[in-house]
Each structure stands twice: as C-alpha cells, then as structure tokens.
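One structure is given below, encoded as structure tokens.
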Number of protein chains: 2
Amino acid sequence: MSGAGENQLPTHELIYRQLRDQVLFGDLAPGQAVTIQGLTDSLGAGMTPVREAIRRLIAEGALEFQGNRRVCVPLLSADNISELIVARQWLDPHLALRATERVTLDELDELTAMDVELDKAIGQGDLRAYLELNYRFHKRLYEIAEAPILADLADGLWLRFGPSLRVVCGRMGTQNLPDKHKDMLAAMHARDAERAARAIREDVIQGMEQVRRSFELSAATN
Amino acid sequence: MSGAGENQLPTHELIYRQLRDQVLFGDLAPGQAVTIQGLTDSLGAGMTPVREAIRRLIAEGALEFQGNRRVCVPLLSADNISELIVARQWLDPHLALRATERVTLDELDELTAMDVELDKAIGQGDLRAYLELNYRFHKRLYEIAEAPILADLADGLWLRFGPSLRVVCGRMGTQNLPDKHKDMLAAMHARDAERAARAIREDVIQGMEQVRRSFELSAATN
DNA sequence: CAATGAATAATTTGATCATATTCTGGCTCT
DNA sequence: AGAGCCAGAATATGATCAAATTATTCATTG
C-alpha cells in the first residue's frame, strides 16, 4: 500500500467533476446549450465518458434534458427559486444543528481558516474564489453533520442555483455578499446548536433572496 | 401528423425506467450486485445505454458505486433510515399542504380511485401491486403540489428505501400496511391543508418506522 | 422586381454498437 | 500463506446509423 502511485480516477469521473465545477461556479451560463461533441472536443475525451457525465448531471438537476435530444443549463423560474429557498431554509439549518453536536476542535479550526480565505477573496473582489470557497465551507459543514443522504440533497441544490448565483454576484459586485459565518462559528464554539442553525438560516436567506430579487429585476427589464 | 406511430423513447431511457422500477418495487434485493454485462443480457441492449442508465441511478442514490468498479443495490444502515424518516417527515407534509391548496375535483377523484385499488391490493395480499399503487399515489400528490424540485427530492427518497421496503413488507404480510390516505383525502376535500399534512405525516411515520423496527430486528438476529 | 414562405438539401449532433484495452478478483502452485 | 497467473468484467475509442437543426433554393405574391 504505497498510496503514492495509486491509480488515477476513471475518465468519466474526471469529466464529471470538471463539468460539475463548471456548472457550480457559473462557467456555463443559464440557458446555454451543452453538446456531447462540443465536450469531447473541449475536454479531449471520447464520447462514452462524456455521455455518462452528462447523464449523471441531468439526474442531479445540474443540466436539463429538453424533450428533443438537446441538453442545456437550466434557466430558473421565480417558482423554482422559491422552492430552492424553502428547501435550503430547512436543510441547511438542520445540518448545521447536527454539525454543531458533532464538530471537533480541529474541524472548527479548519472551518475558521476557510472563512478567513473567504474574506480575503471578498476583499480582493475575486468572484470565482468567493463562489468556490463559500461552497466548500457549506459542503464541509454538511460532511461534519454525518448525514450522508441529507448532505446529498443539500449538495444537489447548489448545482441548481450555481449558474444563476454567478450571474447575480457578477452584477452586484463582491462587496455586499452574504457571510454570516462568523456568527455561526462562534455559536459552534459555544456548542449552541440552535444559534448556529439560526445563523446559517440567515446566511441562506440573505444569499438566496438576493438571487430572487435579481431575478425579478431582470424579468422586469426584459 | 398522425400521432399514432410517434417515435419510441431512446433505449437508454427505456432501460433506465425498467431498472428504476426493479429497484423501486424490490425486484432487486438490498446488497445485490448489479453488473453491466448481466443487464445487457437480461434486458437485451447494448452496453452504452445500460451504462447510462446505471450512472443515472447511481446519481439518484438508487444504486451504489463501490470504490472498485462494482455496483450494487444499497444496504441501508440504521442511520440511513433515520435520515430518510427525517427527510420524508418534512417533505411529504409540505408537498401535501401545497397539493391541498391546488388540487382540483377531478384530481381528487383520481386519487380516491387509486386508493380504492390500493385497498383491493391489500385485501388480495398482492404485495407488488400495493407497492406500486402506494408509490403512484404519493407521486401523484407530488405532481399536484406543483413544486418540481421538491417533488424530485421526495421522489428520489423512494428509490433509496424501495428495496428495503419490499423486504419488510414481505416479512410482515400485507395486512397491517399503512394507509392513512382516507383521512388525507377527506382533509383535502375539506380544503384543510394542515390536517392533510398531518395525515400524510402519520402515514409516512407509520410506514417508515415499520422499516426501522424491522431493520433493528434483523440486525439483532444476525 | 423584390420579398416572403415553404420545401428540400446539407451539415451537425445524438444514439447505438462492436471492439480493443485495462483492471480487479480468484485460483493455483510453490 | 504468499506471489503470480488467468479469466472475466469494466472502461474507453471509433465507426456507423438516425434524427434534427440550419441553410438554400425556388416558387408565388404584392
């Protein structure tokens, strides 16, 4: 068991992760078409792995299959956004509560370090870094909650609003981005699960309502 | 435009649906291995469509990828079951509440008819029919709620406990299966959304706790 | 005569399959 | 029991066929 020269992941897994990140961090715009042949070219892989990655992302709601045989990045409706808000408003606090009951001091340090990085990204106006770090912060929280099924559900929601989030943040700049993480980390330190859950709930609401407002604005101007 | 000889669905979609039903209604036992070549033989399709169907089901949590290149039907742990109970206890009542606000009289008749069929299946001890009708009843409710994302989440949970549910019901017989549907239908008729939500919550708890108890028993005897 | 529209041709893209290659797991032999 | 070999299954590629969208042409009309 060297652990060093371990086999690399299969191609379809790599393609999946690349495409997933592109959706999650808004490299693909909402409504944009995704073609198999386009990806075989741009990612330099055969069609079988690409097909599998696309099917997976469709199943997760990250991509949309359009009746005919076209695939695209979903364009959210106002109702969709409301649903996402409702779902996250329940899932995220629930997971934060569980995480507070289970978190170790090492993990708290880890989360704190991530939040420092996050602040740095906001300060530098680095949108991509903000999106990535913010996601990883929440994702780490899901893991600590030790509820793999609920974590899967919460994780899947990010894929659905990722593209829209990028658009919204691109318009508003990185200054007034939500970050209630400090409240939450303090609550976790104090082992006050209820307060941690409340803090996360506010973080979620603040971020998601921004998406909703931005959507309503763009709907009005169009 | 005859509309008669419309094009049949693509093979990968057909394979997906067949496999999905097999998982959902317990034709595949928990822990059972699922091989690509086995399916190409038994379903008479090429490997590409089979691969795509399997990836999709893995993404939905209906199948499990086991590190190496093996795939199997997931074996639930006690913690997994607790998570599923928590998730359904929130999702199903929420969707029932929305459905009550939107349901038409025709749809109520439709649900009532399904429940009659369900009673018939229970009376005849037809387990497969019970599982299928019970699923379709809840699924129809999800559709009526007009919340596609939340419905997707709820729908995905069925795939996770489908195999275990079959095992449990097989052990207990069809007599004391949960069916709080009559309470719920009455509440929907009266447009009492809160009561409908409570009824569904009891239905869910009753069914899922049975799974949990059965799991604990089998864990104790093993 | 210019412009619009339908019908058809051409190109692009998706779906499926057959085949080659690689890796895992079991079995045997020492 | 441990190392190496063998069988079988999964991964990945490219070719082939089918479908859909786009481009083009021609006829008809104002």
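Just so it is clear, the values below take in all heavy atoms, side chains as well, and ignore hydrogens, waters and symmetry mates. Worth saying up front: this structure is predicted, and the values here are computed from it rather than measured. Here is how names work: the chains are called A, B, and so on, in the same order as the sequence lines, proteins then strands, and each is numbered from 1.
A straight line from CD of E13(B) to C1' of dG14(C) spans 14 Å, rounded to a whole angstrom. Rounded to whole Å, the distance from CZ on R69(A) to P on dT13(C) is 12 Å. Distance CD1 (I36(A)) to P (dA12(D)): 16 Å, rounded to an integer number of Å. To the nearest angstrom, C1' of dG14(C) lies 15 Å from CG of L9(B). Protein atom OH of Y16(A) is 16 Å distant from nucleotide atom P of dA12(D), rounded to whole Å. Put simply, CZ on R70(A) is 6 Å from P on dT21(D), counting in whole angstrom units. Here dT11(D) presents its P atom at 15 Å from CD1 of I15(A), a figure rounded to the nearest Å. Separating the CG atom of L39(B) from the P atom of dG8(D) is a distance of 19 Å, rounded to the nearest angstrom.
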Any N/O pairs under 3.5 Å between the protein and nucleotides 13-16 of chain D? List them or say none.
residue: dT13(D); atom: OP2; partner: G46(A); partner atom: N; Å: 2.9

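Side chain Q37(A) to base dG14(C): a donor-acceptor pair is found below 3.5 Å.
Side-chain contact check for Y142(A) and D92(A): at least one donor-acceptor pair (N or O, by modelled atom type) lies under 3.5 Å. Side-chain atoms of T48(A) and R51(B) form no donor-acceptor pair, as typed in the model, at a separation below 3.5 Å.
Here the shortest heavy-atom pairing between G38(B) and T35(B) reads N-OG1, 2.9 Å. Shown here for A99(B) and I144(B), the closest heavy-atom pair between the two residues is O-CG2, 3.9 Å. The shortest non-hydrogen separation linking G46(A) to P49(A) is O-CD, 3.5 Å.
Sorted by residue number, the members of residues 50-59 of chain A with any non-hydrogen atom under 4.0 Å from DNA chain C read R51(A), R55(A).
Using cut-offs of 30° and 60° on the angle between ring planes, the pair H181(A) and F137(A) is parallel. In this structure, W90(B) and W90(A) have parallel ring planes: the angle between them is below the 30° cut-off, well short of the 60° mark.
In this structure, the side chain of N80(B) engages the main chain of S77(B) through a donor-acceptor pair within 3.5 Å.
Across E52(B), E60(B), E13(B), a single residue satisfies salt bridge (charged side-chain N to carboxylate O under 4.0 Å, His left out) together with R55(A), and that is E52(B).
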